[in-house]
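To start, the structure itself, in structure tokens.
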2 protein chains.
Amino acid sequence: MARDTRERLMEAGLVLFSRKGLAGTTVSDIEARAGLRAGSGSFYRHFASKDALFEVVVRRELDRYRATIRDAEPDSPREPREPGVADAKVALALEFHQTLTTLDQLGRLETIISRDARAMGTLFDEVESLYNAALDASTHRLDQLMKAGQIPRRDPQALAEMIRSTLIGYHLNTQSFRRSPRRVSPADLIATLIDLIS
Amino acid sequence: MARDTRERLMEAGLVLFSRKGLAGTTVSDIEARAGLRAGSGSFYRHFASKDALFEVVVRRELDRYRATIRDAEPDSPREPREPGVADAKVALALEFHQTLTTLDQLGRLETIISRDARAMGTLFDEVESLYNAALDASTHRLDQLMKAGQIPRRDPQALAEMIRSTLIGYHLNTQSFRRSPRRVSPADLIATLIDLIS
DNA sequence: GTCTATACGAAGATAGAC
DNA sequence: GTCTATCTTCGTATAGAC
């Protein structure tokens, strides 16, 4: 038992909520997974209720999400000076790849959201605004690339939405249907996307 | 009470399973929504158990899905003779629009799948193969368009996967975050997609 | 075919020993 | 801080009256 019990309970909750949903997860399940005796009320020495744990877990994942985004996006909007078209492609590829990685890391939160959005209460609004912020940032970046003549001019908002839809759709698909030999790799998808945009 | 009770129970189950999941839905909920007294066991005069209803409901939606696909895709792979590039664009737009409509109609099954895939047992495999069949059909169509010189040549499989990801991602996004004035309409999305492909 | 009433078990939650 | 034991609530499911 390396980490303390409260920590293990949160980790267990995260996994189980994403797998079986809030209603489908019992406190006994959580105790068992955290190394406690299932059915003993030991859980309640650490959290007031199952719902309380749920909120704590979701909030923490949300904070992690924010941190990941902050890290991925340094405060200064790096504008490469005199960038070539190739640079733009590389930058876009990196950005798309980063988004997929983030989605992977945050997969559990993603799953919890799609499953128990209604149980999340106000936290749901935070997720939504975070999502919209990311979309706005993407729109802005695409707009700049267009103005710089690095990619053809189109409706930047529609394009941003399309790209985000693609990445999220791909992510969710590979989550639901985990085809063993994935027919189209993330690299292939991104390459196609870049090819189309530029 | 226009339709008979069994029918109303199935309808109620469909709605509630997609909203709150299998575990989150109680038989009493279902009874109430079907116009029966909640808590009376009247449900059990029509179905052996909650799980039994779940299977029946999912199977019926699956059959509807198949029927929708069959209707949307006439048996003869209509190959327009001497088609212009404009024709190809129109055909693609119609196809994408059709896909979004289907996803909308089948939204509840979609939600149930993403929520309770594990509870679906062998039905899940049927959904997956259906999904893959649709993807293969799309790949084939794109390949033909490329060979006919109507759209630029690319990896048809990657392109098909990308398009499908986009449509599903868009659909799920607008489901989860129902922004009232949708920032990018389905038409905008499709237009962007077509613009990029051709 | 729906109701009231109820048996039964599963799950949430608490008390108190160690 | 975890355990055993227990209480309570709720949900599944059945029995039998109407």
Side-chain angles (χ1 to χ4, degrees), chain A residues 1-60 111-112 115-121 123, chain B residues 1-60 111-112 115-121 123:
Chain A
M1 304 299 175
R3 300 152 302 157
D4 74 333
T5 304
R6 185 185 160 86
E7 182 61 32
R8 293 199 320 273
L9 285 170
M10 287 196 280
E11 175 63 22
L14 175 63
V15 172
L16 292 173
F17 291 147
S18 78
R19 246 191 235 168
K20 315 200 287 177
L22 176 58
T25 301
T26 70
V27 171
S28 293
D29 290 340
I30 300 171
E31 286 173 332
R33 196 181 170 87
L36 298 176
R37 169 105 183 155
S40 75
S42 301
F43 170 91
Y44 293 96
R45 296 282 172 177
H46 302 271
F47 296 95
S49 66
K50 189 172 72 166
D51 284 351
L53 174 68
F54 183 77
E55 174 161 353
V56 168
V57 162
V58 170
R59 183 164 290 285
R60 190 170 67 158
T111 312
I112 290 174
R115 219 193 267 278
D116 288 304
R118 279 155 212 272
M120 289 176 54
L123 284 178
Chain B
M1 304 298 177
R3 299 152 303 159
D4 75 334
T5 303
R6 185 185 160 88
E7 184 61 33
R8 293 200 321 274
L9 285 170
M10 286 196 280
E11 175 64 22
L14 175 63
V15 172
L16 292 173
F17 291 148
S18 78
R19 251 192 228 165
K20 314 200 287 176
L22 176 59
T25 301
T26 70
V27 172
S28 294
D29 291 339
I30 300 170
E31 287 173 330
R33 195 182 171 88
L36 298 177
R37 167 106 183 154
S40 76
S42 300
F43 171 92
Y44 294 96
R45 296 281 171 177
H46 303 270
F47 295 95
S49 67
K50 189 171 72 167
D51 284 351
L53 174 66
F54 183 78
E55 174 160 355
V56 168
V57 162
V58 170
R59 184 164 289 286
R60 191 170 65 159
T111 313
I112 291 174
R115 221 193 266 279
D116 288 305
R118 280 155 211 274
M120 290 175 54
L123 285 178

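Computed from a prediction, not measured in an experiment: that's the story for all the values here.
- For L53(A) and dG12(C), the CG to P distance is 12 Å, given to the nearest whole Å.
- Judged by atom type and distance alone, R8(B) does not reach the base of dG1(C) through any side-chain donor-acceptor pair under 3.5 Å.
- Between the C1' atom of dC3(D) and the CZ atom of F43(A) lies a distance of 17 Å, rounded to the nearest Å.
- The distance from the CZ atom of R33(B) to the CD1 atom of I30(B) is 11.0 Å, given to the nearest 0.5 Å.
- Between Y44(B) and dT14(D) there is no side-chain N or O to OP1 or OP2 distance below 4.0 Å.
- In this structure, the CZ atom of R6(A) is 13 Å from the P atom of dT2(D), given to the nearest Å.
- When heavy atoms are screened at a 4.0 angstrom cut-off, R37(B) is found touching the sugar-phosphate backbone but no base atom.
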Hey, mind stepping through K20(B) and D29(B) against salt bridge (Lys or Arg N to Asp or Glu O under 4.0 Å) and telling me if it holds? CA-CA 11 Å; K20(B) 314 200 287 176; D29(B) 291 339; 3.1 Å; yes
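- Between dA13(C), dT2(C), dT14(D), one nucleotide has an atom nearer to the side chain of L36(B) than all others, and that is dT2(C).
- Between the CZ atom of R45(B) and the P atom of dA15(D) there is a distance of 9 Å, rounded to whole Å.
- For S42(A), the listed nucleotide lying nearest its side chain is dT2(D); candidates were dA17(D), dA13(D), dT2(D).
- Listed candidates were dT2(D), dT2(C), dA13(C). Nearest to the side chain of K50(A) is dA13(C).
- Taking only side-chain nitrogens and oxygens, T26(B) never comes nearer than 4.0 Å to OP1 or OP2 of dG11(D).
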Worked check of side chain to side chain contact (heavy atoms under 4.5 Å, CB included) between L14(B) and M10(B): CA-CA 6 Å; L14(B) 175 63; M10(B) 286 196 280; over 6 Å; no
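- Residue S49(A) has its side chain nearest to dA13(C) when only dT2(D), dT2(C), dA13(C) are considered.
- At whole-Å resolution of the value, CD in E31(A) and C1' in dT4(D) are 13 Å apart.
- Atom-to-atom, CG of D51(A) to C1' of dA11(C) comes out at 13 Å; the value is rounded to the nearest Å.
- Contact check for D116(A) versus F54(A): side-chain heavy atoms found under the 4.5 Å cut-off.
- Taking atom NE2 of H46(A) as the reference point, atom P of dA13(C) lies 16 Å away to the nearest angstrom.
- When rounded to the nearest whole Å, the span between CG of L9(B) and P of dG1(C) equals 12 Å.
- Phosphate proximity of dC10(D) to S28(B): absent, as no side-chain N or O sits under 4.0 Å from OP1 or OP2.
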Starting from the C-alpha separation in whole Å, work towards a yes-or-no answer on salt bridge (Lys or Arg N to Asp or Glu O under 4.0 Å) for E31(B) and K50(B). CA-CA 11 Å; E31(B) 287 173 330; K50(B) 189 171 72 167; over 6 Å; no
